[in-house]
Amino acid sequence: MRPCTWPVIVACLILGVAASAQQQTSWHAALDFEVEGAWRTAPDLLEEFTADQLWATRSIPFEELAGGVALTEEHVRSGSLSGRWADHPRYPTIHCPEVPADWSRWQGVGLWAWSEAATSERITIALASDNPETPWHDYLLQDFIVDWTGWRRIEVSLAQMEPLGDPIGPGRIDGVYFFTKIFDRQPNPHTVLYLDALTPLEAIEEPLPDPPAPARVETGELPFTSAVPRFDPSLLNHDWPEIAQDTTPIAPIQYRSYFKTERALFGYFPRFQPGFVSFDPTGRPIVRYASHLLQTVDTEGRWSYVSLVENVIEPYAREKLGFTELALMNRGQITENAIRFDAEGDAYVLCPISDPTGDWRTRTGLLLHSRDGMRTWDVYRLPNYMARFEKFVGHNDDRLSRPPVILLSTYHSPTTVFITVPRKLPDGTLEIPEPTRIADDAIALIPHSGEANQCVTVGDTVYIVYGRLVVLPGHTKEDGVPAYIVQYDLRTGKLSEPVLLGFGGRNAEDGHNWPAIVVDSEGRFHVIINGHHDPFVYTHSLRPLDIREWSEPITVAQGTTYGGLICDSEDTLYCVTRNSHPGYRFRLSLHRKKAGQPWEEPMHLVLPFKPYYEVYYHRLVMDPATERLFLSYFSQSGSICVFRDEYLAYVYQWPDREIDFLRDEDAVLPTGTYAMEPRKYQFYSPPPSEMSILVSDDRGDTWRLATTEDFVTAPE
């Protein structure tokens, strides 16, 4: 090799210094919001895929997904530009990968932020510090609260930052991030920030103080876990519009890539925590969230809430059951979300709980009973932890004549199912009779979606429908689940012989194929039997209050799952299913049958942005006073099937959930995209989140997102 001469060496040194200066200038300018495209609002998908391979390009160009930070000459603190970051539900995360790799010589990070309004939104500033020994992304975190207007200096000490995962530390930094949905938060759609002059700091004169902890609803002595995100009560009765646009969103609601649902699309920001809706006999609404949080609203639109954990469930679990920890079984599979009442105004709630330090034997079903307008509660232990009420589904007003009918299941399907009806004693307390066995080899009476009511009370008789996971003589497994009806005499406690109604689905061993029942104004029973991605079966009794003869079963729609049934005063039937036809794309769809007419074609209410699995844990209920229909559902599924690009987009918004996805040693990352080969999706189970409520006040013709006004005033 030819030896270097001095001129060559000098030239090399000059070029090296220039390259180093250029590199430093590059990241300085990027962090200072002077470089177009340096700050992005989507993961760096184009580093792995082409635009043609991204499913996102079918509904949103990638440039739009990534372009949520706009460089502007307004509110500039350094250089000539700042970065405007708004619409945080749509752009919940921003990041800049152009950073120095080694921050070990610096003490922290600082920036200037101009805030349009003090929205109290909590934002997490994060330094990506990925550890090659972990399968997930690792970060250093610190929060700040948007509680100011105008300019504010924010400085964060690296020593004060908390780890997420197992970060390497300041010696390896891969990017700067701002998160708003981390730890199940809901960003405020009205937050607008202008960010500028972000830079590593040699020293920190006034480091950011530790932010206040999120407000907590529960203050009991036991550690408490929930299978769904906890509600932040500081959001209750906020002063911002509940929908950040001039027009009310109308169904069908079309989700957009990636995981852009009601809050991102419309700035849906209700002054309450959307949950499952119940009504007292007068039509007063109660919105229940996470199985224990009961919200009511006054005539001025002010919401209040009561937590059933703090003064009711937690003391009972600790003192009576000896629990050392408390877990609410409120994900959807087991929880009964309806609140029931009787004619005297007493309220009834079911709560399944467990002690996570023990085993499955700690699972306990509780019946809560209030005699004073839900201010105080008595607690009763049920024989089984899987329990369901009879719900109001139209024309079953006799349900109010006594404490509610409770259907019990021993365990998951196949199982033994029972009925019990609590008795009210002269002093107003309850006695729970020994349950009466209904059937063996049955589908558990715990439909987690659709609010499928499985019994109705007329007079002194309860009519119960159920499915059995058996292949009947003369039939095959492919004929589906046989469904039956029996009647239970409330005076004698006796059951009739069962009557076969028909078969649901194409698999006699499929526990999803449960039936649902209503009674119409003439006393005729109407029953659907669910399929699992198949048509549901419909039949009705031929004579009022007679279960012996039924119409020939017919199949309705295609690709349906998790249907319930409601009947209004005009004897119109309503059913909402998770509808996977066509294309295995899981919609929420309304099926309606007006009296004397055939079932209408499905009306899609919610449309996902992608194919493959979704579960909404949806519930359809009717206001007994006005007959308005309310559909509650989780907009972000509790189960996801995602390819690699979708996975990266998901953990970009909810980075804390990735650790749970990959904690198991046999956890596998997905590959590819929907639009390429090879590809392989993976199934994960995050907490279901971002509940929404749709309301219809015209008997299902139109649906809109529900706001506080829909619970305060009823249409005339």
Side-chain angles (χ1 to χ4, degrees), residues 393 407 413-415 417 438-445 447 449-456 462-488 495-520 523-567 571 573-579 581 591-593 595-600 602:
V393 288
L407 301 177
S413 311
T415 190
V417 293
I438 299 171
D440 299 317
D441 301 317
I443 297 177
L445 302 173
S449 298
E451 199 68 331
N453 186 58
Q454 296 183 273
C455 66
V456 291
V462 182
Y463 300 87
I464 310 161
V465 292
Y466 60 93
R468 292 186 63 210
L469 298 181
V470 296
V471 177
L472 298 183
H475 290 269
T476 66
K477 178 179 175 181
E478 289 72 25
D479 289 335
V481 170
Y484 297 86
I485 185 170
V486 295
Q487 57 189 51
Y488 175 78
L495 280 173
S496 71
E497 290 297 315
V499 175
L500 180 66
L501 296 170
F503 297 82
R506 303 181 188 180
N507 181 357
E509 298 176 356
D510 192 332
H512 299 81
N513 298 345
W514 52 70
I517 185 172
V518 297
V519 61
D520 67 20
R524 288 184 172 84
F525 302 111
H526 300 260
V527 173
I528 65 167
I529 312 170
N530 276 288
H532 192 197
H533 307 294
D534 291 307
F536 64 80
V537 171
Y538 166 71
T539 183
H540 63 83
S541 63
L542 297 182
R543 288 182 295 274
L545 304 183
D546 188 339
I547 67 171
R548 291 173 296 179
E549 293 187 71
W550 294 79
S551 66
E552 186 69 23
I554 63 170
T555 57
V556 180
Q558 299 184 59
T560 66
T561 306
Y562 306 143
L565 202 56
I566 284 175
C567 181
D571 291 339
L573 303 180
Y574 305 91
C575 170
V576 172
T577 68
R578 188 191 68 183
N579 190 337
H581 177 82
H591 310 267
R592 184 173 64 176
K593 181 187 182 301
Q597 299 183 28
W599 286 90
E600 300 171 2

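Values below: every heavy atom of this structure, side chains too, minus hydrogens, waters and symmetry copies. For reference, positions follow the sequence shown, starting with 1.
Annotation for I547 and S496: closest pair CD1-OG, 3.9 Å, computed over non-hydrogen atoms. The nearest pair of heavy atoms linking V499 to R548 is CG1-O, 4.2 Å. A pairwise comparison of heavy atoms in L407 and C455 identifies CD1-SG, 4.0 Å as the closest pair. Across all their heavy atoms, I443 and V481 have their closest contact at CD1-CG1, 3.9 Å. The shortest heavy-atom contact between A557 and T560 is CB-CG2, 3.8 Å. Contact record, L472 with P482: CD1-CB, 3.8 Å, taken as the closest heavy-atom pair.
Between the side chain of N530 and the main chain of W514, a donor-acceptor pair closer than 3.5 Å is present. Remark: the backbone N or O of C575 is not paired with any side-chain donor or acceptor of R592 at under 3.5 angstrom. Formation of a donor-acceptor pair under 3.5 Å by the N513 side chain with backbone atoms of H532 is found in this model. At least one donor-acceptor pair under 3.5 Å links the side chain of S413 to the backbone N or O of A444. The backbone N or O of G563 sits nowhere less than 3.5 Å from a side-chain atom of T577 that would complete a donor-acceptor pair. Judged purely by atom type and a 3.5 angstrom limit, T539 has no side-chain atom pairing as donor or acceptor with the backbone of W550.
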Taking it one step at a time, do Y574 and H591 satisfy ring pair (Phe, Tyr, Trp, His ring centres under 6.0 Å)? CA-CA 6 Å; Y574 305 91; H591 310 267; over 10 Å; no
Going through the distances and angles, do Y488 and I438 end up as a side chain to side chain contact (heavy atoms under 4.5 Å, CB included)? CA-CA 9 Å; Y488 175 78; I438 299 171; over 6 Å; no
Could you please spell out the steps behind the side chain to side chain contact (heavy atoms under 4.5 Å, CB included) verdict for V456 and V462? CA-CA 6 Å; V456 291; V462 182; over 6 Å; no
Criterion side chain to side chain contact (heavy atoms under 4.5 Å, CB included) on Y463 and L545, from CA distance to verdict: CA-CA 9 Å; Y463 300 87; L545 304 183; 4.0 Å; yes
Report the C-alpha distance between L469 and D441 in whole Å, list the side-chain angles of each, state the deciding distance to 0.1 Å, and finish with yes or no for side chain to side chain contact (heavy atoms under 4.5 Å, CB included). CA-CA 6 Å; L469 298 181; D441 301 317; 5.6 Å; no
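In this structure, I485 and I517 have side chains that are in contact, with non-hydrogen atoms separated by less than 4.5 Å. When side chains are defined from C-beta on, V393 does not count as touching C567, because their heavy atoms never get closer than 4.5 Å. Counting heavy atoms from C-beta outward, F525 and V465 have side chains that stay 4.5 Å or more apart. In this structure the side chain of P535 never reaches within 4.5 angstrom of the side chain of V556, judged on heavy atoms. Between R578 and S449, every side-chain heavy-atom pair lies at or beyond the 4.5 Å cut-off. The shortest distance between side-chain heavy atoms of H581 and P602 does not fall below 4.5 Å. At a threshold of 4.5 Å between non-hydrogen side-chain atoms, the residues Y562 and V576 do not count as touching. Looking only at side-chain heavy atoms (C-beta outward), D520 and H526 come within less than 4.5 Å of each other.
Atom CD1 of I529 and atom OG1 of T555 lie 11.5 Å apart (nearest 0.5 Å). R468 contributes atom CZ, which lies 7.0 Å from atom OH of Y466 (distance to the nearest 0.5 angstrom).
Counted within 6.0 Å of CD on E497, heavy atoms from surrounding residues, nucleotides or ligands total 12 or fewer; the atom is thus considered open. More than 12 heavy-atom neighbours from other residues, nucleotides or ligands sit within 6.0 angstrom of CZ on R543. For R506, the CZ atom counts as loosely surrounded, since its 6.0 Å shell holds 12 or fewer non-hydrogen atoms of other residues, nucleotides or ligands.
Using a 4.0 Å cut-off between charged nitrogen and carboxylate oxygen, E509 and K477 count as a salt-bridge pair.
Aromatic ring centroids of F536 and W599 lie under 6.0 Å apart.
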